[in-house]
Amino acid sequence: MAGSAGPGVLYGEVSAGWTPDAPVALVLFHGYGANEQDLAPLGPVLAPALPWAALRAPLGVAPGGYAWFPPLAPGDRDPGRVTDAAWQWIDAHLAPDATVAAVGFSQGGLMATQLLRTRPGRVAATVVLSGFVHAGPQLADDQLAARRPAVFWGRGASDPVIPADAIERTRQWLTAHCTLTERVYPGLAHGIGNQEITDVRAFLSDRTGAA
């Protein structure tokens, strides 16, 4: 079952159990060069009790592959427009009082943090997998520094894709603004490992009550 798409509107693939009235929904953001099908299989694994939506990035970069922004230095491209587009999709497909558990991989990890950094009151949980944060200040950063919401950040110890300066920037921002659960997985490159899936599932269960 697919969510609607139109000019300037993101496309979203949703679970069979999707309902706009769900109190919490899982929203998945894929990485550079992938599409909504990349993380969709993780939806029922990470949070079996939650409906899920996998959104497709708007920028085509290859046949069947999309990006949230061009592949410049991680975190340097202004994500304001695509963040607004993600919220537009969420607002159109969920009730106003519903919250989201945002999970993103690589570039999609930045998108997950963008939801938190712009409308934190509507974010129940944030998970960043092999990802990073935007370098510039965002609307709700001061609010987050005071509230310190829980964020899961997992990555591979052998990741050759995300540069060291982006990792350090991300660590500094998350430490200053969030209650951080950080996991580094030995032997894992730029991907998602089985132990990481187990850890994220437990994190989401604790944050959303959806075992």
Side-chain angles (χ1 to χ4, degrees), residues 3 7-12 20 22-32 39 53-59 66-155 162 165-182 203-204 207-208:
V9 179
L10 298 185
Y11 176 86
V24 185
L26 187 69
V27 179
L28 303 163
F29 296 90
H30 63 77
Y32 180 86
L39 295 188
L55 303 190
R56 178 193 295 171
L59 179 64
Y66 300 85
W68 300 101
F69 44 87
L72 300 180
D76 285 347
R77 176 70 69 168
D78 181 9
R81 180 175 295 182
V82 72
T83 301
D84 290 343
W87 279 122
Q88 182 182 2
W89 192 97
I90 292 167
D91 289 340
H93 292 83
L94 283 174
D97 58 347
T99 59
V100 298
V103 177
F105 173 75
S106 195
Q107 272 197 357
L110 182 146
M111 292 303 300
T113 63
Q114 281 299 115
L115 297 192
L116 183 66
R117 297 176 72 180
T118 52
R119 293 170 62 180
R122 204 165 186 199
V123 178
T126 304
V127 175
V128 181
L129 305 175
S130 299
F132 48 91
V133 299
H134 179 55
Q138 299 296 300
L139 182 64
D141 282 357
D142 290 345
Q143 181 181 347
L144 294 174
R147 290 181 50 200
R148 304 186 68 82
V151 173
F152 182 97
W153 180 34
R155 65 187 191 281
I162 308 301
D165 60 335
I167 291 174
E168 182 57 28
R169 181 183 68 240
T170 301
R171 179 186 292 110
Q172 290 180 8
W173 188 91
L174 290 172
T175 300
H177 294 84
C178 308
T179 300
L180 177 61
T181 299
E182 181 180 1
F203 175 84
L204 290 174
R207 296 298 302 163
T208 66

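Hydrogens, waters and symmetry mates play no part in the numbers below; they use all other heavy atoms, side chains included.
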Of all pairs that satisfy salt bridge (Lys or Arg N to Asp or Glu O under 4.0 Å), the ones with a partner from residues 93-108, not counting sequence neighbours:
none
Set of ring-ring contact (aromatic ring centres under 6.0 Å, His included) partners for Trp173, sequence neighbours left out
His177
CH2 on Trp68 to CG on Leu59, rounded to 0.5 Å
11.0 Å
Considering all heavy atoms, the nearest Leu39-Val103 contact:
CD1-O, 4.5 Å
Less than 4.5 Å apart, any side-chain heavy atom of Pro149 and any of Val123?
no
Please list all pairs meeting salt bridge (Lys or Arg N to Asp or Glu O under 4.0 Å) that have one or both residues in residues 99-109, counting only residues at least two apart or in different chains.
none
Residue pair Ala124 / Thr99: nearest heavy atoms and the distance that separates them:
CB-OG1, 3.6 Å
Can you find a pair of side-chain heavy atoms, one from Trp153 and one from Thr170, that are under 4.5 Å apart?
yes
Spacing of Arg148 atom CZ and Leu174 atom CG [to the nearest 0.5 Å]:
10.0 Å
With distance as the sole test, does His134 use its side chain to make a donor-acceptor pair with the main-chain N or O of Leu110 at under 3.5 Å?
no
Is the closest side-chain heavy-atom distance between Leu116 and Leu144 below 4.5 Å?
yes
Ala112 and Phe29: which non-hydrogen atoms are nearest, and at how many Å?
N-CD1, 4.2 Å
Smallest separation among heavy atoms of Arg147 and Gly121, with atom names:
NH1-N, 4.0 Å
Which residues satisfy the ring-ring contact (aromatic ring centres under 6.0 Å, His included) test with Tyr66, sequence neighbours excluded?
none
Residues forming a salt bridge (Lys or Arg N to Asp or Glu O under 4.0 Å) with Glu168, sequence neighbours excluded
Arg171
Mind telling me whether Phe132 and Phe69 have parallel, tilted or perpendicular rings, with 30° and 60° as the class edges?
perpendicular
Smallest heavy-atom separation, Ala101 atom then Leu204 atom, equals CB-CD2, 4.1 Å
To the nearest 0.5 Å, what is the distance between CZ (Arg155) and CD1 (Ile167)?
5.0 Å
Does anything in residues 114-125 form a side-chain hydrogen bond (donor to acceptor under 3.5 Å, both in side chains)? List the pairs, not counting sequence neighbours.
Thr83-Gln114, Trp87-Thr118, Asp91-Arg119, Asp91-Arg122, Gln114-Gln138, Arg117-Asp141
For Gly12 and Trp89, which heavy atoms make the closest approach, and how far apart are they?
N-NE1, 3.6 Å
